[in-house]
Structure formats: C-alpha cells, structure tokens
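Worksheet: one structure, shown below.
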Amino acid sequence: MTRFFLTTAIDYVNSRPHLGTAYEKITADVIARYKRLCGVDTYFLMGNDEHSQNVFRKAAEEGLSPLAYCDRMEQEFRDTWRHLNLSFDDFIRTTQPRHKAGVTALAKRIYDAGDIYEGVYEGWYCVGCEAFKQEKDLVDGKCPLHLTTPQWIKEKNYFFRLAKYQQPLLDHFAAHPEFLQPAMRRNEILRLLEGGLEDISVSRAGQAWGIPLPFDAASVVYVWFDALINYASAVGLGSDQQMFDRWWPADLHIIGKDITRFHAVIWPAMLMSAGVALPRQVFGHGFITFNGQRMSKSLGTAIDPFEAASRFGPDPLRLYLVKEIAFGGDGDFSWTRYDERYNVDLANNLGNLVSRVTAMADRYRQGRLLPTGAGSDRLVRLGEQVAADYRHSMDAYALHEGAAAAYRLIDGTNEFIAATSPWALAKDPGAADRLTQVLFDAAEAIRLAAVLLTPIMPTASAEILRRVGGSSDGLCLDRDGRWRNNGERGLVQEGSLWPRKEQTIVTDNPTPPPSTQHPAPSISEAATPRISIDDFMKVELRVAKVLAAERVPKSRRLIKVQVDVGTEQRTLVAGIAEAYEPEALVGRSVVIVFNLQPATLMGIESNGMVLAASPDGGKPTLVSFEDPPPPGTRVR
RNA sequence: GCCGGAGUAGCUCAGUUGGUGAGAGCACGCGUCUCAUAAGCGCGGGGUCGGCGGUUCGAAUCCGCCCUCCGGCACCA
C-alpha cells in the first residue's frame, strides 16, 4: 500500500472544540505524520458537520444565517487546529457543493439499489408522553403511564433497509477481524449485529437546513446519513471520479467510541448497498476526563485545547496525550500531571539530554564530531531494537507504546553517558578518540530518537535534529530511522528547549469560567427570546412544605414527595434523588410550579414540579428560602 | 433496574493469545557523578493484582457469584 487515507469524525459546530475533540485530531495527526514518515502518500481529512437543527437554531439565536454562523465556527476550529499543529490535507464542510454532490450521488445509488423505500413513520403515539410507543410497551392497548389510548400516527418518511445488511455485516466482520478496533468495540458491535437490525429513517420532512433527497426534494437527508458521507464526498464521490478512484476506500476512520455504531454498522451498510468499497478500518478511541470527571462546560471541567497548548506549546501537549494515554482506552488530563510530565519527560530527560550532549560536544570538540571507530555495542543495539519496536507499535496504532519506545532510547542514552563519563575521558589525553566516539554515539542516539518522535512532536524534533547535526528535511524512516556511524556532525549548543517548571500555578479545581467570559449560560440566556410579564404570570409558583418523601422504587432520580401547598396536599415527583435523601427533604420549604398539567412518572401521578437549579452534567440544587414563608405563598 | 467500563505500590497508570520470584513514572529514603535545565545515574522501602469460589501443573490474565466507583439508557413536569 503506497497511499493512506485517514479521517477523523467531523465536528458539530454548536460549540468550540474542547480537549477531548482535540485528542482525536492529535492522535490522527500523529498517525498521518507517521505514515508520511514511512514514505506513504497520505491524505488526512478533517471537517465540520453543519447540517444539524441545533446549528440552525443556534445561528438564529445569534441573529446569523446558518452559513454565516458556520463560517465563523470554521474559523474557530481552524484556529484551534492550527494552534495544535495539525497537518490535515483537507477540511470538509457538509455545506460545500462537493459534499452535496457526494450525498446526492450516494443516496441515489442506494435508492436505485432498492434499499430506500418511502414509508410512513407510523406507530402508537401517546400525546401525554409526546412519544411513539412500541406495541410491547402498551398494556391492554393503553399507555401504562397515562392510561389513555394512544393515537395511531403516520408521518411520511424514507427508510434505509438496514435490516437487510445484518448478515452481510456479520460476514464482513468475520472476514475482516481488523475492521473495527479495539477488539472490545468489535465484540460490542457483534453482539448488536447478532441481535438484529431495524431499518432506519434517513430523511426529515419539512426542513430547509439540509441536503434535499435526489428523489424527493421536499425532504432533506437525515443528519447522520448526511454526515457519514463526508468521508467519501471529500475525495470526490459524485464530483471527481479520478480523485475518488485514487483515494477511496479510506484506510482508517478515527472516531470516538460513542459513535462506533454509526461507523461500523450503518456506514458500511450504506456503502454495501451503493456498491462502494468499505473503509478498511475503524478505530474507536476513548474519552479524556479532567481530574477524572467528564468534561463539561458548566462544571468548568472542559479544557480549552488552545489554552492547554499555550502553556508549553503544542508539542508537550501532544506528547502528553499520546504517551500517557493508552490509545483506545480512556485517559485523564490534569494540570498538575501535565506539569509533572513536562518536567520529567521534556525538561529533565529529553531537553536536558540535548543540553548536556551539545554542551560537551561544544566544550571538548568545538561542536565537530566524526566517528573514530565502532559505535557502542550496547547503545547501537538499543537504538535498533527501539526503532523496530517503535515501528511495530505505530503500525498497530499503539501510539503510547511508540512514544515509550522512543523514550527507552532517551533513557538509555542518559545511562550511557553516566556509564562512559565523557567528562572523565576529557581529562585523559589517551582517550581522545574514545571521547569523540562516545559523544558521537550519544548524538546519534538523540538524532534517532528525534526522528522517531517527529510524528508526535514535529516542531521540537526538527529543532533537536538541528542541534545534534541531523537533517529534518524530507525525513524517511527507512533511511533516517536506523543507526548511523558515519559523517561529520556539527552540533550547536543553545538555550534550554524546555525550561523546568518549578511550581504549579494553575489549579486543578474545577473552575467555572469567569462571568465576564462565561459563554455557555450568558449567550444562551441572551439569545433566548424574551417573554412578556403576562407570559410569566401564567406560571403559578408557590411555596410548598414537604410533609413526606420517599424514593421511587427502581428509579435512580425520582423522589415522590407529599407537600402542603396551603390549601391542599399534593403528591409530586421530583428528579432529585441523586442529590437529596428523602429524609432530608421532610420539613423543607420548596418552590413548586402549582398550575402544571399532571404527568405520570414511573406510574405515579405528579401534580406540579419542584424547582431546582440543574447544572449541565451536575446534580440539582433545590431552590430554598432563608426564612421560609407559609405554604401556599405565591412566588413571583 | 438494564447495558457497558473500571477496581494492580501513597498518587497516575502499563501489563499482547494464562507461564521465568508482579512492572513504569511521580512522591519518599539512601548513595553517587559534575557534562547538563538543583537535571542525570545507582540502590531501597512499599502491593492479599477489589472479595469469595471454580477451571488448570500454573490465573492479575479464563469462568461464576458478590462488593465499590464511573459512564450510558429508562424514568428527570
């Protein structure tokens, strides 16, 4: 294989990228750079997913046309990616003409294959639940929650015959065990496939923001169907056959583990139907947490990759994410750990190693080194072993092991210097040749390690190569990734590559962004349409005192509370069990929505709603009073 | 409750298809060199590999049950 087509998931443009998104792109970039280092003609694709209703709404909230909003977000994404030194060859947007051409072409092929049928999305619809109900969910033909007979609803829709591809997909998984990685994800999907598939809806009626179906312009392609096709449309499906022939099929889709099903089931089925070759491999990477917590904007646990890369530059961040996290598994990021790894891996080991070797070369040999004999057996063997291990690991996308291999050589070189003590040799006139060779060996080991680290730390590696007298132009692993014991080297001694960071000045406590730049709530609040006082007065808020509370059986969130609202007692159900024990609620005064339509939750009728602040991804906090007024008091 | 993931040294984690007395980094203690960014190198302490059973000549690794933590789903009026 002389060419390699690599993709990452395209990103929703609802918000700016966080470190988790950046992680995916960085690992993909490392793979792309590794392939290029191997002399493989590489096409690395990234992009944005713009046809979502959320985007449409968000743009409207900000008073922008959807496209103008997407243009702006593209700049934000590109700025971030540039800051991380990502070497993508192409950046696709799903609003581009080439993508529309690709979607149209693929949809038509699937349609012509007879795998898209016009149907009605029909089923029992419970008005109370605002949801479709499966036959099996009904009890005596009635909604078990509302005890009402649901309506039979029909909605025009187009379906893709996904179910038809159950067996072909199973066959494909059997024939290509490498198709989905890591293995655990494959097992999950196999179990899902064995359980059978259902046809899926691929269109939405009555929406303008999207790509019209080629066979029915009144409907647009459903966003997922649309998005997946980007991988093919970017390389010319439906617009540039020559390019498509050159790059398709994709060699590797790097995606997050949460969207494995789309890439390992729906996407290959679509391609099978259209008679297009399947991608060779899908790799589902893990998630990055911040101090063990899921990244969330409102909790202050979303790390801005821009900020992280600004701390020491992009290379240290890239090294951290690649070396410290087993690729495929989940990983954690914290500022203290980031600083620690920076000091250990970069300042103490690699950076200091470059300093000591260039300093000695300068001091003892005026920076000129020419081999005087054979290289150190031990170090040469280590270098060659490391280079081989590195290749095996990187070829298997065990990126963390590839980084570790390079570091074994760095550590080994520090040990080598301690063992050979060049400063002692320098005092012995009879050891002149020996000293030259020792320094040459050390410089060569650094050169080799820098070559291996090039995909991970492109800028720093080039700088190291310059300092130890190696070239960084047009690197080729076959040629430059092996031990050399020839040629004069000119070493240059300059300032520290990575000065030690003596103290941590950033905190790892979740820090919600300062209110001045708190984009999440402030923007959405400002953007929400204002309501009149009359609208608000429709909502009747009242003080209620909790008389009794108990956990709803088999529920994780729900607590059933009996409250006194002044004029009567009521039963309501509140989703606060994760934050409150029922006993702790009794006697408390809370605020409820008094005039809310009743609803049935887990079989219990709730007459009202208990107010609580509900942070995104956090636990609710009840609205309470310093000095509780009597039950029934109106709140306004 | 259902479905996943995880539980290995004080901390963060590696441990390919079960097999040499269980590892790395950080932190800690001791020693040592002086070329270097108070960095490097060497030695050391410290672990019932969540618990209990089972398969096996042999299990951190496979199987069963249980405990704990974290996600996702169902309820979130």
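Chain A is the first sequence line, chain B the second, and so forth, proteins listed ahead of strands; every chain is numbered from 1.
Closest to the side chain of Ala599(A), out of U12(B), A77(B), G40(B), is A77(B). Of the candidates A77(B), G25(B), C75(B), the closest approach to any side-chain atom of Arg341(A) belongs to G25(B). Closest to the side chain of Asn352(A), from the set U12(B), U37(B), A36(B), is A36(B). For Leu558(A), whose side chain is taken as the heavy atoms from C-beta onward, the closest listed nucleotide among G40(B), A77(B), C13(B) is A77(B).
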List every contact pair, protein side and nucleotides 42-47 of chain B side both N or O, where the distance is under 3.5 Å.
none

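Dashed line: the shortest gap from a side-chain N or O of Arg363(A) to OP1 or OP2 of C35(B) is under 4.0 Å. Within the structure, a side-chain polar atom (N or O) of Asn349(A) is placed less than 4.0 Å from OP1 or OP2 of G40(B). Proximity of Arg500(A) to the phosphate of A39(B): a side-chain N or O atom is located under 4.0 Å from OP1 or OP2.
Within the shown strands, G25(B) is the pairing partner of C11(B) under the Watson-Crick or G-U definition, both distances less than 3.5 Å.
Of the inter-residue distances, the one linking Leu346(A) atom CG with Asn352(A) atom CG reads 11.5 Å to the nearest 0.5 angstrom.
A gap of 24 Å separates the P atoms of C13(B) and G19(B), to the nearest Å.
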In B/S/- notation (B base, S sugar-phosphate only, - none; protein heavy atoms under 4.0 Å), nucleotides 28-33 of chain B written 5' to 3' is -----S
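Looking only at distances, no side-chain donor or acceptor of Ser496(A) sits under 3.5 Å from a matching main-chain atom of Trp498(A).
At the heavy-atom level, Val573(A) lies under 4.0 Å from the strands shown only through sugar-phosphate atoms.
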